[in-house]
Amino acid sequence: MIIRKSPLYIFSPIIYMLLLTRASLDPVLKLTNFGGISLGALLNLCLIVLFFGGLLQTKGKISESALKLWGGFLVLGLISIVISPVPISSTRSFITVITYFCLFALAYSFIRSRNDVEAVMKVIIYSSFLPFIVSAFQFLLPETSMFKDGFRLSGTFSHPNIYAFYLVLIATVSFYCIKSEAVFFSKRFIRLCYFLLTVSAICLIATKTRSAWIAFLAVFFIYGALYERKYVVWICVIGVLALFLPFVQDRVADLATDSQTTATGGEKLNSYAWRKVVWISSWEFIQNRLFFGHGYDTFSYYFLQFFPLESEHDFDAHNAYVQVTFDMGVLGLCSFLIILIGIVIKFFSSYSKDPKGTSILIGAISAFMLVCYSDNMLGYLSYCWYLWLFLGTGCAFLELKVRRVLE
C-alpha cells in the first residue's frame with residue numbers, strides 16, 4: 001500500500017519498481033548473461049523506452065536544462081560509436097550512459113512539488129534494504145564475500161567498489177533527508193535515515209575501498225565548510241580515529257610506497273602507482289586521435305597495444321577523465337566537464353533556496369568529481385542510476401523553486 005501511494009509509483013509503476021530493486025539485481029543479472037546480452041541490457045532498454053515513450057504519450061518534451069548539460073556528451077558519444085573498431089560493444093556500453101541521462105532528465109519531468117522530491121528520496125532509501133540484509137549475512141559468514149584482498153563487503157553488488165560508492169550515496173541521501181529544510185519527512189523516517197547513515201558508514205569501512213572512504217569524508221567536509229563548521233571538525237576526528245583500525249592502516253600504508261619487492265625478486269606496483277603508469281602510457285594513443293577519440297569504451301580494447309608490459313589481460317583506465325578522453329577525445333572530456341561543472345553552478349546559483357540541502361548536493365557532485373580521478377565511475381551502472389536521479393532531482397527542484405519565486 002505504501003508503494004502504491006508513492007507519487008513516483010503513480011507516475012510510472014515500472015520505473016518505480018526498477019529503481020526499488022536495481023540495487024539488488026546484480027547477482028541475478030549475472031546469471032542471465034548469454035553471448036554478451038543479459039537481462040540487465042534489456043532493463044536498460046526498458047528504462048530508455050519508458051522514458052521516451054512516456055514523453056510521447058504525454059506530449060511532453062525533454063527539459064532544456066537537461067539537454068544543455070547532456071546534449072554535447074550524448075552527440076559525441078554517438079559519434080564515438082560510429083568510429084569505434086567494436087561498434088556493437090561500444091553501443092552496448094554507451095546505452096548505460098543514456099540511461100543516466102534518462103534518469104537525470106526524468107527528474108525534470110516528474111518533480112512538480114515537494115512531495116515528488118520526497119518520493120524520489122524514499123525510493124533511493126528503500127532500495128538499500130535488501131543490500132543491507134545481505135551485508136549482515138556476509139558479516140556473519142565472511143567466506144561469502146572473499147576477494148583477493150581477503151574479506152571485502154560487497155552486499156548485492158558485483159564488486160565491493162561499486163557497493164562502496166552506493167553506500168556513500170545512501171549516506172548522502174539519508175543526510176539530505178535529515179538536514180534539508182525544503183523537504184519534510186516524518187520523525188519515523190528521519191530516525192530510519194539516522195540508522196541507515198550509521199549502517200552505511202560501518203559497511204563502507206568493510207568494503208575496504210579507499211576512494212569511497214575519501215568520497216564519504218568529502219561529502220560531509222564540504223557540507224561543513226559551506227554551512228555547519230562543526231562537521232569539519234567531526235570529519236577530521238573520524239578520519240584520525242579510522243586510522244587506528246588495522247585494515248584501514250594496511251590500505252593506507254599500501255599507498256605510502258609506490259612498489260614492493262616480490263618473493264621472486266620482482267617489483268610489484270601498488271594499485272595507484274600502476275594506474276599512473278597506465279595513464280601515462282595511454283597518452284601517445286590519445287594524441288593520435290585527440291579530438292574525437294578511438295570509440296566509446298575502447299580503452300581496454302587497445303590496452304595491450306599501448307601497454308606491452310602487460311601481455312595477457314586488458315585493463316580499464318580506472319580514471320573517468322582519462323577514459324572519456326581516450327574514448328571520445330578532448331571534445332568528449334570537455335562535454336563531460338560541462339555536465340559536472342554545470343551542475344555545480346546550478347547548485348551554487350540556487351544555494352539560498354535551501355542552504356543545508358544544497359550544501360549536501362554540492363558535496364555529492366564534488367565527491368563524484370573527485371573519485372572520477374581514480375575509478376571507472378561511468379561503468380558503475382547500478383550506483384549511477386541512483387546518483388544521477390538524485391542529482392537530477394536536486395537540479396529540478398531548485399529550478400522549480402526559482403521559477404515560483406519569479407512568478
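- Listed for the Ser89 side chain is no donor-acceptor partner under 3.5 Å among the backbone atoms of Val86.
- Distance check: Cys236 SG to Leu217 CG gives 9.0 Å after rounding to the nearest 0.5 Å.
- With sequence neighbours excluded, the residues that form a ring pair (Phe, Tyr, Trp, His ring centres under 6.0 Å) with Tyr9 are Tyr16.
- Note on residues 283-308: no pairs pass salt bridge (Lys or Arg N to Asp or Glu O under 4.0 Å), not counting sequence neighbours.
- Without hydrogens or angle criteria, Thr209 side chain to Ser211 main chain gives no donor-acceptor distance under 3.5 Å.
- Separating the CH2 atom in Trp234 from the CZ atom in Phe221 is a distance of 15.5 Å, to the nearest 0.5 Å.
- The two residues Ser281 and Val277 have their closest heavy-atom pair at OG-O, 2.8 Å.
- Without hydrogens or angle criteria, Thr99 side chain to Thr96 main chain gives a donor-acceptor distance under 3.5 Å.
- Rounding to the nearest 0.5 Å places CG of Asn161 at 5.0 Å from CZ of Arg152.
- Annotation: the span from Ile83 atom CD1 to Met328 atom CE amounts to 9.5 Å, rounded to 0.5 Å.
- When side chains are defined from C-beta on, Met121 counts as touching Val117, because their heavy atoms get closer than 4.5 Å.
- Counting non-hydrogen atoms of other residues, nucleotides and ligands closer than 6.0 Å to CG of Leu290 gives a total above 12.
- Asn376 places no side-chain N or O within 3.5 Å of a backbone atom of Gly379 that could act as its donor or acceptor partner.
- Between Phe73 and Phe94, the two ring planes are tilted [angle within 30° to 60°].
- Put simply, the side chain of Thr156 gets close to the backbone of Ala23: a donor and an acceptor are under 3.5 Å apart.
- Side-chain contact of Asn44 with Arg92: a donor-acceptor pair under 3.5 Å is absent, judged by distance alone.
- For Lys122, the side-chain contact (heavy atoms from CB on, under 4.5 Å) criterion is met by Tyr126, Phe185, Phe189, not counting sequence neighbours.
- When atom types are taken as modelled, the side chain of Ser24 and the backbone of Leu130 share no donor-acceptor pair closer than 3.5 angstrom.
- Residue Leu241 qualifies as enclosed at atom CG: its count of foreign heavy atoms under 6.0 Å is above 12.
- Two rings, from Tyr321 and Tyr373, have their centers 6.0 Å or more apart.
- The aromatic rings of His159 and Phe147 sit tilted, their planes meeting at an angle between 30° and 60°.
- Taking SG of Cys372 as the start and CG of Leu340 as the end, the distance is 6.0 Å to the nearest 0.5 Å.
- In this structure, the side chain of Trp279 engages the main chain of Ala317 through a donor-acceptor pair within 3.5 Å.
- Between Ile111 atom CD1 and Thr393 atom OG1 the span is 4.5 Å, to the nearest 0.5 Å.
- In this structure, the side chain of Thr358 does not engage the main chain of Pro355 through any donor-acceptor pair within 3.5 Å.
- Contacts of Tyr176 classified as ring pair (Phe, Tyr, Trp, His ring centres under 6.0 Å), with partners at least two apart in sequence or in another chain: Phe390.
- Closest non-hydrogen pair, Gly155 versus Gln138, comes out as N-OE1, 2.9 Å.
- Residues satisfying the side-chain contact (heavy atoms from CB on, under 4.5 Å) test with Asn115, not counting sequence neighbours, are Ser113, Glu118.
- Between Trp388 and the options Tyr108, Tyr380, Tyr383, Phe368, a ring-ring contact (aromatic ring centres under 6.0 Å, His included) holds for only Phe368.
- Asp327 places a side-chain N or O within donor-acceptor distance of the main-chain N or O of Thr298, the cut-off being under 3.5 Å.
- Here the side chains of Leu25 and Leu43 are in contact, with some heavy-atom distance below 4.5 Å.
- Every residue two or more places apart in sequence or in another chain that forms a side-chain contact (heavy atoms from CB on, under 4.5 Å) with Ile345 is listed here: Ile341.
- The two residues Cys177 and Ile190 have their closest heavy-atom pair at O-CD1, 3.3 Å.
- In this view, Phe285 and His294, Tyr302, Phe306 satisfy the ring pair (Phe, Tyr, Trp, His ring centres under 6.0 Å) rule, not counting sequence neighbours.
- When the options Lys353, Lys356, Arg114 are evaluated for a salt bridge (Lys or Arg N to Asp or Glu O under 4.0 Å) with Glu181, the one that passes is Lys356.
- Residues meeting the side-chain hydrogen bond (donor to acceptor under 3.5 Å, both in side chains) test with Lys179, sequence neighbours left out: Glu228, Tyr231.
- For Ser350, the side-chain hydrogen bond (donor to acceptor under 3.5 Å, both in side chains) test picks out no residue, with sequence neighbours left out.
- The closest side-chain heavy-atom distance from Asn319 to Ser374 is not below 4.5 Å.
- For Ser90, the side-chain hydrogen bond (donor to acceptor under 3.5 Å, both in side chains) partners are Ser84, not counting sequence neighbours.
- Under the ring pair (Phe, Tyr, Trp, His ring centres under 6.0 Å) criterion, Phe110 pairs with Phe11, sequence neighbours left out.
- Gly394 and Leu361 get closest at one heavy-atom pair: CA-CD1, 3.8 Å.
- Taking every heavy atom of both residues into account, Pro131 and Tyr163 meet most closely at O-OH, 3.6 Å.
- The side-chain contact (heavy atoms from CB on, under 4.5 Å) search around Ile280 returns none, not counting sequence neighbours.
- Ring centroids of Phe220 and Phe216 are separated by less than 6.0 Å, placing the two rings close together.
- Annotation for Ala182 and Ser180: closest pair N-OG, 3.2 Å, computed over non-hydrogen atoms.
- Considering Ile338, Val97, Ile98 as possible partners of Trp70, the one that fulfils the side chain to side chain contact (heavy atoms under 4.5 Å, CB included) test is Val97.
- You'll find the side chain of Phe104 stays beyond 4.5 Å of the side chain of Tyr100, heavy atoms only.
- Ser12 places no side-chain N or O within 3.5 Å of a backbone atom of Leu8 that could act as its donor or acceptor partner.
- Aromatic rings from Trp385 and Tyr166 are positioned such that their centres are separated by 6.0 Å or more.
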